[in-house]
Amino acid sequence: MHQEGLNESLIQDCEQIVLSEFSSYRKQLKRRYEDYLSLFGSCRHHFEEGKDGSITQEALTRNDFSSSRHGNFSEYSTTESDEHEFEKHDGGELTFEDESTFFDSVDYFTESDNRSSTMLSSQEVVDSQTHDSTNNIVPQIRRRIRLPEPTEKEKGISLWSIIKDSVGKDLTRVCLPVYFNEPLSSLQKCFEDLEYSYLLDQAYQHGKVGDSLMRILKVAAFAASGYASSVARPCKPFNPLLGETYEADYPDRGVRFFAEKVSHHPMLIACHCEGKGWKFWGDSNVKSKFWGQSIQVEPVGTLTLEFEDGEIFQWNKVTTTIHNLILGKLYCSHHGTMHIKGNRQYSCKLKFKEPSLLDRNPHIVQGFVEDNNGNKASFLIGKWDESMYCSDSDTFKVKSADQLKGASLLWEKNKPAPNPTRYNLSSFAITLNELTPGLQEKLPPTDSRLRPDQRHLENGEYEKANAEKLRLERRQRMSTKLQDNGWKPRWFEQDTEDGTYRYKGGYWETREKGCWDGCLDIFGEFVET
């Protein structure tokens, strides 16, 4: 237009018209995309059961949508409010593939061939293959991005009738209605702490090239990242039954995880995970008290991380408090000092700041790395629900990483799930209880995914979930007697010296054979209501 000699005012007017048309076009694409997902979700059971021949994939992928608001894009004009709405959304919100296949996009972000972060699919599960850094074929699984739609409306409950009988008691011994639970078990929550396992992959690589300082900084960032998904999580996980297990095999992340409830009283969960050049394990005894307006959770147990080269780090989790159970906005805080002890050159201390009424900058984590002589080698600052940074400057003299010059990003929280539900689950957490095609036949009868009350809750079948929870809790009361009679966990054994539980191996080999002889039927049959 400049070459044609048109004046600047006319060029700007034309540019504004193009931008307005693009805004309208983009919003129509977004609406169509969301309707496709909605239609697919509503018809999903027909595909799985093959009962409705009138609904075909062709009907889902054809262009002539029947909704009245999906005409030609040129029929829509752009108003001032449309432009304002467009400005509120960045261009990265919406991604598309070819219209003949309606999966969400799968993005892989890599850093030093170690980080692998997957945007999950709304399809059930589709297997594919890719290659890792050593050119080995790694199977890929596209996982769900949402929980099933609830089949019934949730009913309210009386808080006061529960509170008056529960104040001052151990929360693990209080029978709460299923309304207080999220559709995950404590075993699955253990694996949720490994959402950012790529940090350990990076730590392993830094150590291989002799950068021991960056290794422990990445380990410290990983230790803090385990709290990121706890923001605005109003519900508690299910307490696992004695002998209940959970496996997680994520080949795209290079991670295999296994956990088992090894004791009923005290309640102990043991876990073991293997990644790219590292192993991670621990056992946890969570002590909790319900004080009416708040719950305080004290984790007891040591977490251990061992790299292939023999370097070991150990730490304990900090205290968690859930506030405003009755009045005010529900929130949780993590506070205390975390000591990350290494067996070689460096150790680390992280201070999780306890919130106060006047605190305008909550969730702060500050810390430092020191060598064996007590000399500070680096400093850390960040928020456990956002990101962590490292710096050569003393981070205790500032209130945020923004006030530091030259601070380096160690870790940043993933974007929130597009469909978090009332449980406010992350995209990663939404995948943890999923029964992908072919998986159920491989699982032992003790796996958390097969727990009926938890499955009913996920499906929004609240009456059935409550009935199953009561039935399983009655069965669980017999666990103490079972344990007193000599019951031992199948996959973990207790160290005779320090009393901790270590994985003794054999689970994945037994899974490969498909032989689960000797596994207790701890869940029993579903209760029909």
Side-chain angles (χ1 to χ4, degrees), residues 107-118 132-133 189-230 248 250-257 271-282 303-309 311-318 334 338-342 344 346-350 352 363 365-369 377-391 401 407-415 426-429:
D107 299 324
Y108 297 97
F109 302 90
T110 58
E111 181 179 350
S112 305
D113 294 329
N114 293 311
R115 175 174 179 169
S116 177
S117 178
T118 307
D132 63 12
S133 57
K189 287 282 287 184
C190 288
F191 182 55
E192 193 176 357
D193 288 352
L194 285 132
E195 177 175 356
Y196 301 96
S197 61
Y198 70 84
L199 292 169
L200 300 184
D201 300 340
Q202 294 173 0
Y204 170 65
Q205 293 296 334
H206 284 301
K208 281 183 66 175
V209 298
D211 193 347
S212 299
L213 178 58
M214 185 54 69
R215 169 177 278 189
I216 191 171
L217 288 170
K218 287 291 184 177
V219 172
F222 168 78
S225 73
Y227 297 97
S229 63
S230 63
Y250 281 63
D252 54 323
R253 296 170 178 260
V255 168
R256 264 188 171 184
F257 172 91
C271 68
H272 180 88
C273 185
E274 297 182 5
K276 299 175 183 178
W278 52 268
K279 293 181 180 180
F280 174 83
W281 69 87
L303 302 176
T304 302
L305 172 66
E306 181 178 5
F307 292 100
E308 277 186 357
D309 56 20
E311 187 165 17
I312 297 174
F313 296 97
Q314 292 184 313
W315 66 92
N316 300 85
K317 303 196 80 172
V318 297
H334 308 289
M338 178 184 291
H339 298 263
I340 304 175
K341 301 175 182 178
R344 291 187 181 172
Y346 294 111
S347 294
C348 177
K349 288 184 180 180
L350 292 178
F352 289 69
H363 306 169
V365 180
Q366 294 171 302
F368 58 86
V369 174
S378 186
F379 295 87
L380 299 100
I381 190 171
K383 293 185 176 183
W384 50 260
D385 62 331
E386 289 184 6
S387 55
M388 289 295 296
Y389 292 82
C390 65
S391 174
S408 300
L409 179 67
L410 294 171
W411 158 77
E412 189 172 28
K413 182 182 177 180
N414 291 334
K415 292 182 178 180
S426 66
S427 295
F428 182 63

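Everything numeric here is computed off the predicted structure, so don't read it as measured data. Values below: all heavy atoms of this structure, side chains included; hydrogens, waters and symmetry mates excluded.
We find the NZ-CZ distance between Lys279 and Arg256 to be 13.0 Å, quoted to the nearest 0.5 Å. Atom CG of Leu350 and atom CD1 of Ile340 lie 4.5 Å apart (nearest 0.5 Å). One finds the OG atom of Ser212 at 11.5 Å from the NE2 atom of His206 (value rounded to the nearest 0.5 Å). Taken from NZ in Lys383 to CD in Glu412, the straight-line distance is 13.0 Å, to the nearest 0.5 Å. Of the inter-residue distances, the one linking Asn414 atom CG with Ser225 atom OG reads 9.5 Å to the nearest 0.5 angstrom. Atom CH2 of Trp384 is separated from atom OG of Ser230 by 4.0 Å, given to the nearest 0.5 angstrom.
The side-chain contact (heavy atoms from CB on, under 4.5 Å) test with Phe352 singles out one residue from Gln366, Lys317, His334, and that residue is His334.
No donor-acceptor pair under 3.5 Å is formed between the side chain of Thr304 and the backbone N or O of Gly282. Using modelled atom types, one side-chain atom of Arg253 and one backbone atom of Glu195 make a donor-acceptor pair closer than 3.5 Å. Panel note: side chain Lys276, backbone Gly254; no donor-acceptor pair is recorded below 3.5 Å.
For the pair Cys390 and Ser378, the tightest heavy-atom approach, listed with the atom from each and the gap, is CB-OG, 4.1 Å. Heavy atoms only, all atoms of each residue included: Ser387 and Leu409 are closest at CB-CD1, 4.0 Å. Heavy atoms only, all atoms of each residue included: Met388 and Leu380 are closest at CE-CB, 4.1 Å. Scanning all heavy atoms of the two residues, the minimum distance from Phe222 to Tyr196 falls at CD1-O, 3.7 Å. Closest non-hydrogen pair, Trp411 versus Leu199, comes out as CD1-CD1, 3.8 Å. Here the shortest heavy-atom pairing between Ala203 and Lys218 reads CB-CB, 3.8 Å.
Partners of Tyr346 under the side-chain hydrogen bond (donor to acceptor under 3.5 Å, both in side chains) rule, at least two apart in sequence or in another chain, do not exist in this structure. Glu192 is linked by a salt bridge (Lys or Arg N to Asp or Glu O under 4.0 Å) to Lys189, Arg233, counting only residues two or more places apart in sequence or in another chain.
Taking the ring centroids of Phe191 and Tyr250, they lie under the 6.0 Å cut-off.
For residues 208-217, the set of pairs meeting the salt bridge (charged side-chain N to carboxylate O under 4.0 Å, His left out) definition, not counting sequence neighbours, comprises Arg215-Asp309, Arg215-Glu311.
Looking at Cys273 and Val255, their side chains come closer than 4.5 Å, going by heavy atoms from C-beta outward. A 4.5 Å side-chain heavy-atom check between Trp315 and Val219 finds at least one atom pair inside the cut-off. Residues Phe280 and Leu194 form a side-chain contact, since some pair of their non-hydrogen atoms from C-beta on lies under 4.5 Å apart. Within the 4.5 Å cutoff, side-chain heavy atoms of Asp201 are placed close to those of Trp278. In this structure, the side chains of Glu386 and Lys413 stay at 4.5 Å or more apart for every pair of heavy atoms.
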